Student: 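A single structure is presented below for examination.
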2 protein chains.
Amino acid sequence: MVHKRKSNSLSTVSANPVGGDASSPTTRRAKAAGRSITVKDIAAEVGVSITTVSNVLLGKEGTYSPETGEKVKECARRLGYRRNNLARSLVRQRSQTLGVLLEERFNFSHPENQYFVGVLQGFLQEAARRRYQVKIVMQANPPSDEIISAVDDASIDGLAAVVLSPDNALFGWFDHARLPVVLVGCETRSPKASSVDVDDYESLGELIEQAWSLGHRRFALVTGENEHGALSERERAFSAHVGGRRLDGGAPLVLRCDMEGHKADEILRELAKLSAAKRPTILVCANDLIAVSIVRQASAHGLRVPEDFSVTGFDGFAVGDWCTPRLATVRQPLSRIGAKAAEILIESLENPGAAPIQHAVLPGRLLLRESLAAPSGASA
Amino acid sequence: MVHKRKSNSLSTVSANPVGGDASSPTTRRAKAAGRSITVKDIAAEVGVSITTVSNVLLGKEGTYSPETGEKVKECARRLGYRRNNLARSLVRQRSQTLGVLLEERFNFSHPENQYFVGVLQGFLQEAARRRYQVKIVMQANPPSDEIISAVDDASIDGLAAVVLSPDNALFGWFDHARLPVVLVGCETRSPKASSVDVDDYESLGELIEQAWSLGHRRFALVTGENEHGALSERERAFSAHVGGRRLDGGAPLVLRCDMEGHKADEILRELAKLSAAKRPTILVCANDLIAVSIVRQASAHGLRVPEDFSVTGFDGFAVGDWCTPRLATVRQPLSRIGAKAAEILIESLENPGAAPIQHAVLPGRLLLRESLAAPSGASA
DNA sequence: CTGAAAGCGCTTACAG
DNA sequence: CTGAAAGCGCTTACAG
């Protein structure tokens, strides 16, 4: 790899922020012993007690004289003191750290995982804002008992569990955990754990109302396998919102695809067989992947979107941006979900008075794009 | 949100794994005092010393009798003992936790951020495999001094810095950090910090060789703004690999786009003006976003890919999968990068004998897809 | 095989 | 304003 041209020196070298005064006997001794500078070192160097050092470092105004304060701060700076937060957490009985539990199927290259990732981002940001650190715990599949040790080891003060599987083995534990837990994006509700989720039901209602007002009267639902509980709420919402309306041709079609849209081809084949008068004017898909697969493969079956039928997704992932026509869908407020999860944890940690359990339901946002249009010949 | 149908009970409730024997006086006392079960509680309950409890719990065979071992383990289980790893880390002087430093521009919805995300995934997996926990630290923009406190507080044993900006303010610190640091995906090399990066130079060479063998003789590079150092290595690689060849029409064209491909339109307008005999037969783009933008907008300018020219990307992000024709590109082995970073840290932590600094360069993989084809009328 | 004791690096009443 | 002391929950020589 000789040809790899990399600059061999650092482009930025700021003043050495640690290590401090290398010539101080204290520093030298500490370094030689391979240990860090501690409050004890500072106390010795300045000639005060460690109590005073601690008080100064914690900024407990009034408990020390200005001169002492100056001397201690200067010394800390000079010696390159860094607080050991392990020790601090141990005595304070809180680590100022939040945990995020992820299932291992967190395979990022997959669009679905924008969910994890968007949530994580919001969580990280809110945690940072409130001065909490964040630890990530991956739950292996199948889950081992170790996972509880990883989560219940005093290293985190609260846990956001981003568990999409309704049958996650940890649900029993969540319920008895002695740290606050917030369940993110799963259907399950527990009286002992908080939750943050999106109002799929409401959003799907808005989507269908929008389609209706455009003139759609023949709806079909394209959903995934039944086994996977994740889409069942969307299916229920579809039935409920479409059910009450006077449709053309009776009950809406329900087409079974798979979560990833691999079977879109089969579904399109069936649809192509239908006469235009029988064919649904809109395919409401239970997630973006299904919808995008339909959109992409429609032309191969001689079907045009949205001329022959409209297609809508659900999730608002980036794939919908990258297909033609762009996908109309419902965007989940991912980073807000994450931020809300962090907020709930921090609130329950810092306001012992507040309600310890909160169930937040966030609204999705309709993204009206080209894959949704009035049906051909509609008299909306 | 009354209509939100959520099952109101948990679908899985496993046997209570913590809390244990609620009737034990020890447990009750601990719970009443709001504190956890400790080795001291077990020692008292069983009637042995905490040393023995610790020895049993640590599995130090030979230091305790089988009967004592059984009693202690049983008791720990019964009381729902959980080790406090803060205390353990404090005495062992290592937290068994690795840190990942991310720049705040980590905005996940953006394809570029598959980089962060893919790396993170590999890192998490490798860390879990080696029984390390992972802490995420976001570096705000502009970076504040606090970031060092967050990273240098004894809560992590090593740090993987996923910093794309070559001018990150932390480079000075990385160099003097007392914990092992591995720089991920940045061009900078330091003698004091390890690094993991991809061999863009080599990969681009393979790509160009492939194009050459298909018959391409008129190359153009489409790259981003110059200010951003991130693409400069790819630009150098392009010049070097194309430079030595006998091209049609002299030196290759270099077209300035932007990192996101927003200016693809302007570039296509210029290309459309060229006669087919003058036009490049292949556009080598410095990243996927640029390439995809070109592919998507080409038809609006009456240009077809790959008939009028081939287009190649660089990165291997998912966007390239979702455009038509699919993008030929170089896939970075993202999760392997992350895994390698974790591996380097863990090695240097656990084998004090091994070389403390390692510079790993991983190969990219050519993804030959439809946007790259032989030029029309080529006599390759 | 077992245990008393020291100590990791802090914070926090408490006494002066 | 300052400091001696206890203690957070562990692990680890060390002595028996």
Side-chain angles (χ1 to χ4, degrees), chain A residues 26 29-30 33-72 76 79-97 149 152-157 178, chain B residues 26 30 33-72 76 79-97 149 152-155 157 178:
Chain A
T26 307
R29 216 174 313 120
R35 51 174 203 77
S36 309
I37 300 297
T38 70
V39 283
K40 214 161 142 191
D41 294 318
I42 300 179
E45 182 99 354
V46 176
V48 292
S49 71
I50 62 167
T51 303
T52 299
V53 172
S54 181
N55 282 153
V56 173
L57 261 21
L58 291 174
K60 294 203 173 167
E61 309 275 348
T63 70
Y64 54 87
S65 71
E67 304 84 66
T68 309
E70 254 334 296
K71 275 194 284 187
V72 168
L79 301 188
Y81 170 76
R82 303 264 114 216
R83 178 169 60 207
N84 182 321
N85 272 325
L86 259 20
R88 166 176 237 229
S89 300
L90 184 60
V91 22
R92 298 186 61 196
Q93 299 279 63
R94 54 208 315 268
S95 60
Q96 202 76 198
T97 301
S149 314
D152 195 4
D153 68 347
S155 72
I156 59 174
D157 298 334
R178 56 182 173 194
Chain B
T26 307
R35 51 175 201 75
S36 308
I37 301 297
T38 70
V39 282
K40 213 161 143 191
D41 294 317
I42 300 181
E45 183 99 354
V46 177
V48 292
S49 71
I50 61 168
T51 303
T52 299
V53 173
S54 181
N55 281 153
V56 173
L57 262 21
L58 290 175
K60 295 202 172 167
E61 310 274 350
T63 70
Y64 55 86
S65 72
E67 304 84 67
T68 309
E70 253 334 296
K71 276 194 286 186
V72 168
L79 301 189
Y81 171 77
R82 303 264 116 217
R83 179 169 61 208
N84 183 320
N85 272 325
L86 258 21
R88 166 176 237 229
S89 300
L90 185 60
V91 21
R92 298 186 62 197
Q93 298 279 64
R94 54 208 315 267
S95 60
Q96 201 77 200
T97 302
S149 315
D152 193 5
D153 69 346
S155 70
D157 298 334
R178 54 182 174 194

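Being a predicted model, the structure only gives us computed values, none of them experimental. Chain letters run A, B, ... following the sequence lines, proteins first and then strands; every chain starts at 1.
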Student: Locate the shortest heavy-atom distance separating L57(B) from V39(B); write the atom from each residue and the value.
Tutor: CD2-CG1, 4.2 Å

Student: Assess the residue pair R88(A) and Q96(A) against the criterion (side-chain contact (heavy atoms from CB on, under 4.5 Å)); give the C-alpha distance rounded to whole Å, side-chain angles, the decisive distance to 0.1 Å, and a yes or no.
Tutor: CA-CA 10 Å; R88(A) 166 176 237 229; Q96(A) 202 76 198; over 6 Å; no

Student: How close do D157(A) and R94(A) get, counting heavy atoms only, and between which atoms?
Tutor: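 Closest pair (atom of D157(A), atom of R94(A), distance): OD1-CA, 3.4 Å.
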
Student: Working to the nearest 0.5 Å, report the span between CG of D152(B) and CG of N85(A).
Tutor: 10.0 Å

Student: Reading DNA chain D 5' to 3', which nucleotide is the first, and which the last, to come under 4.0 Å of any heavy atom in chain B?
Tutor: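 Contact boundaries, 5' end first: dG9(D) to dA13(D).
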
Student: Nearest heavy-atom pair of K40(A) and I50(A): which atoms, and what distance?
Tutor: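 In terms of heavy atoms, the two residues are closest at CA-CG2, 3.8 Å.
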
Student: So, taking the atom named CD in Q93(B) and the one named OG in S36(A), what distance separates them when rounded to the nearest 0.5 Å?
Tutor: 7.0 Å

Student: May I have the step-by-step check of side-chain contact (heavy atoms from CB on, under 4.5 Å) for V53(A) and E45(A), ending in yes or no?
Tutor: CA-CA 11 Å; V53(A) 172; E45(A) 182 99 354; over 6 Å; no

Student: Let me have DNA chain C in dot-bracket notation, would you? Count Watson-Crick plus G-U wobble pairs, both distances under 3.5 Å, and use [ ] for pairs crossing earlier ones and | for inter-strand partners.
Tutor: |||.||||||||.|||

Student: Which atom pairs, donor and acceptor, lie under 3.5 Å between side-chain atoms of residues 59-68 of chain A and protein residues at least two apart or in another chain?
Tutor:
from, atom 1, to, atom 2, distance (Å)
T63(A), OG1, K60(A), O, 2.8
S65(A), OG, T68(A), N, 3.2
S65(A), OG, T68(A), OG1, 2.7

Student: Got a sec, which pairs hit side-chain hydrogen bond (donor to acceptor under 3.5 Å, both in side chains) with one end in residues 48-57 of chain B, sequence neighbours left out?
Tutor: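 Non-adjacent pairs meeting side-chain hydrogen bond (donor to acceptor under 3.5 Å, both in side chains): S49(B)-T52(B).
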
Student: In Å, rounded to the nearest 0.5 Å, how long is the span from CG of L86(B) to CG of L86(A)?
Tutor: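 If we round to the nearest 0.5 Å, L86(B):CG and L86(A):CG are 5.0 Å apart.
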
Student: Would you confirm whether D153(B), through its side chain, and R83(A), through its main-chain N or O, come within 3.5 Å as a donor-acceptor pair?
Tutor: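 Here the side-chain-to-backbone pair does not exist.
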
Student: At a heavy-atom distance below 4.0 Å, what parts of residues 56-72 of chain B sit against DNA chain C?
Tutor: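 Contacts with DNA chain C under 4.0 Å: G62(B), T63(B), Y64(B), S65(B), T68(B).
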
Student: Short of 4.0 Å, heavy atom to strand atom, which residues of residues 46-53 of chain B count as contacting DNA chain C?
Tutor: V48(B), S49(B), T51(B), T52(B)

Student: Enter the distance from S95(A):OG to L90(A):CG here, rounded to the nearest 0.5 Å.
Tutor: 11.0 Å

